[in-house]
Amino acid sequence: MNISGSNILLLGANGGIGSALARVLSARGARLLLAGLGEESLKVLVESLPNDAQSMEIDIAQADQREALLGRAGTYLGSIDILINAVGVLDFLPFEDIPPQRIEQTFQINTIAPILFMQSALPGMRAQGHGLIVNIGSTFGSIGFPYFSVYSASKFALRGFSEALRRELADTGIDICYVAPRATKTPINNSRVMAMGEATKMNMDPPEKVAQQIARAIENDKKEVYLGQPESFFARVNQLLPRLVDRALFKQRRIMEPYARS
Ligand SMILES: NC(=O)c1ccc[n+]([C@@H]2O[C@H](COP(=O)([O-])OP(=O)(O)OC[C@H]3O[C@@H](n4cnc5c(N)ncnc54)[C@H](OP(=O)(O)O)[C@@H]3O)[C@@H](O)[C@H]2O)c1
């Protein structure tokens with residue numbers, strides 16, 4: 001799909017990947033409605049962009065705020081050509097230490113609220129006869145990772161949803177693209193994740209690189225993209241030979257554990 005001239009609604013716009021993506025998309029000529037938490041940082045981002053953009057602060061977990069955002073998209077963008085979901089929260093903790101409320105919140109923010117928003121945006125896309133929904137997943141949405149259990153599960157769900165909806169909408173002109181970055185240097189990763197990443201020699205991409213790869217996936221009409229090697233290879237291996245990945249992660253878990261518990 002063409003980015004230039006398209007109307008794009010970006011959820012999670014002031015995150016590390018979201019803000020880098022906003023810059024890339026705006027530089028390529030898109031008109032953007034930027035949504036996320038943090039009114040001031042969203043405004044600063046809008047002012048830094050080379051093309052038409054507006055922002056709206058929303059907590060995606062709140063139904064009334066999602067509805068207000070859809071209304072704003074109608075008045076500002078007119079039609080949503082591309083809807084990008086780059087919201088997310090993450091915990092790097094032993095499963096037993098994640099508070100029950102946080103488990104619910106993680107699914108709400110990473111999975112349920114974006115799905116509900118997509119459902120409300122779909123009638124408009126159907127009426128216009130075209131649209132693209134881009135869900136930012138994760139390598140951990142294909143490889144269940146120790147100490148990221150709830151985050152992994154929320155991204156597995158988002159990947160499954162994206163695949164099912166793509167198949168359901170196959171002849172409607174509406175497409176779904178699922179992009180799975182590997183670890184990326186953004187605020188979602190706290191200092192314990194960063195330290196664990198160093199100890200396990202985890203590859204970490206800059207968000208600007210990830211944003212360029214997402215834009216390329218959009219322009220090339222990709223359905224599912226896994227970013228980075230060898231992570232994208234391991235995502236495939238995990239489907240075919242999961243016991244092999246069990247063994248590799250058994251060793252890695254020992255290095256990870258003190259960081260997850262610290
Ligand atoms: N960084 C990585 O290693 C990595 C790897 C693979 C996939 N991803 C995925 O990439 C996407 C973007 O993450 P990121 O790396 O850019 O992290 P990030 O910088 O933390 O961005 C996530 C954004 O989501 C926002 N958000 C959280 N809760 C929200 C809510 N209730 N309503 C609205 N917005 C909310 C955050 O706002 P606040 O900052 O104000 O909380 C933040 O702007 C996420 O889906 C993440 O899972 C990240």
Side-chain angles (χ1 to χ4, degrees), residues 9-24 33-45 55-66 68-69 83-92 101-102 104-118 133-143 145 147-148 150-159 161-162 177-194 196-198 200 202-211 213-214 217 224-228 231-232 234-235:
L9 173 50
L10 176 54
L11 307 173
N14 50 358
I17 292 174
S19 56
L21 193 52
R23 287 186 202 94
V24 168
L33 178 55
L34 305 178
L37 293 171
E39 198 174 2
E40 271 315 301
S41 58
L42 283 170
K43 280 187 179 152
V44 171
L45 180 59
S55 65
M56 182 168 174
E57 183 178 39
I58 74 147
D59 175 350
I60 193 152
Q62 304 302 321
D64 56 337
Q65 297 186 31
R66 290 195 301 269
L69 177 64
L83 167 61
I84 304 174
N85 160 35
V87 293
V89 291
L90 170 160
D91 289 297
F92 170 51
Q101 268 186 331
R102 178 65 173 175
E104 289 186 12
Q105 188 193 31
T106 300
F107 271 90
Q108 186 65 28
I109 293 171
N110 292 2
T111 318
I112 296 169
I115 286 176
L116 289 171
F117 188 78
M118 290 169 220
I133 295 172
V134 182
N135 278 319
I136 310 302
S138 167
T139 306
F140 293 177
S142 299
I143 302 174
F145 230 75
Y147 306 114
F148 292 92
V150 174
Y151 177 74
S152 275
S154 72
K155 293 292 184 178
F156 266 69
L158 188 66
R159 180 168 62 89
F161 169 78
S162 301
C177 173
Y178 174 83
V179 183
R182 63 182 178 184
T184 309
K185 287 182 197 124
T186 71
I188 206 169
N189 294 313
N190 62 21
S191 56
R192 290 183 301 106
V193 178
M194 298 305 283
M196 177 278 291
E198 269 192 32
T200 57
M202 191 178 265
N203 294 311
M204 281 235 173
D205 286 325
E208 294 75 19
K209 179 180 174 185
V210 173
Q213 289 169 312
I214 296 169
E224 228 179 58
V225 184
Y226 296 84
L227 304 181
E231 290 77 4
S232 52
F234 285 137

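Both counts, for ligands and for their atoms, begin at 1 and track the order of listing.
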*Below 3.5 angstrom, do we get any N/O pair linking Ser138 and ligand 1?*
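Ser138 vs ligand 1: no N/O contact under 3.5 Å.
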*Report yes if some N/O of Gly16 lies less than 3.5 Å from some N/O of ligand 1; otherwise report no.*
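N/O-N/O distance below 3.5 Å exists for this pair.
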Would you tell me which option among [options] has the nearest heavy-atom contact to [atom]?
atom: atom 28 (N) of ligand 1; options: Ile188, Asn189, Leu11, Ile109; value: Ile109
atom: atom 25 (C) of ligand 1; options: Gly15, Gly36, Gly88; value: Gly88
atom: atom 44 (C) of ligand 1; options: Ile136, Ile60, Val87; value: Val87
atom: atom 16 (O) of ligand 1; options: Ile17, Asn14, Thr139; value: Ile17
atom: atom 9 (C) of ligand 1; options: Ala86, Pro114, Ala13, Gly137; value: Gly137
atom: atom 2 (C) of ligand 1; options: Ile214, Asp59, Thr184; value: Thr184

Ligand 1 contacted by [X] (non-hydrogen, < 4.0 Å):
X: Arg182; answer: yes
X: Ala183; answer: yes
X: Ala113; answer: no
X: Lys155; answer: yes

Donor-acceptor check, side chain of [X] to backbone of [Y], threshold 3.5 angstrom: yes or no?
X: Asn110; Y: Val89; answer: yes
X: Asp59; Y: Ala61; answer: yes
X: Thr139; Y: Pro181; answer: yes
X: Gln65; Y: Ile58; answer: no
X: Thr111; Y: Ser154; answer: yes

_Are Met204 and Glu198 packed together at the side-chain level, in the sense that at least one heavy-atom pair is separated by less than 4.5 angstrom?_
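Result no, sub-4.5 Å side-chain heavy-atom pair not found.
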*Protein non-hydrogen atom below 4.0 angstrom of atom 39 (O) of ligand 1 present*: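 So atom 39 (O) of ligand 1 lacks protein heavy-atom neighbours under 4.0 Å.
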*Going by the angle between their ring planes, with limits at 30° and 60°, are Phe148 and Phe92 parallel, tilted or perpendicular?*
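Parallel.
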_At less than 4.0 angstrom from any non-hydrogen atom of Ile58, what atoms of ligand 1 do you find?_
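Counting atoms of ligand 1 from 1, those under 4.0 Å from Ile58 are 32 (N), 33 (C).
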*Might you confirm whether atom CZ of Phe234 has over 12 heavy atoms from other residues, nucleotides or ligands at distances under 6.0 Å?*
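Open.
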_Would you say CD of Gln62 has more than 12 non-hydrogen atoms from neighbouring residues, nucleotides or ligands within 6.0 angstrom?_
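Above 12, so yes.
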*Tell me which part of Phe140 gets within contact of ligand 1: side chain, backbone, both or neither, using heavy atoms under 4.0 Å.*
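Neither part.
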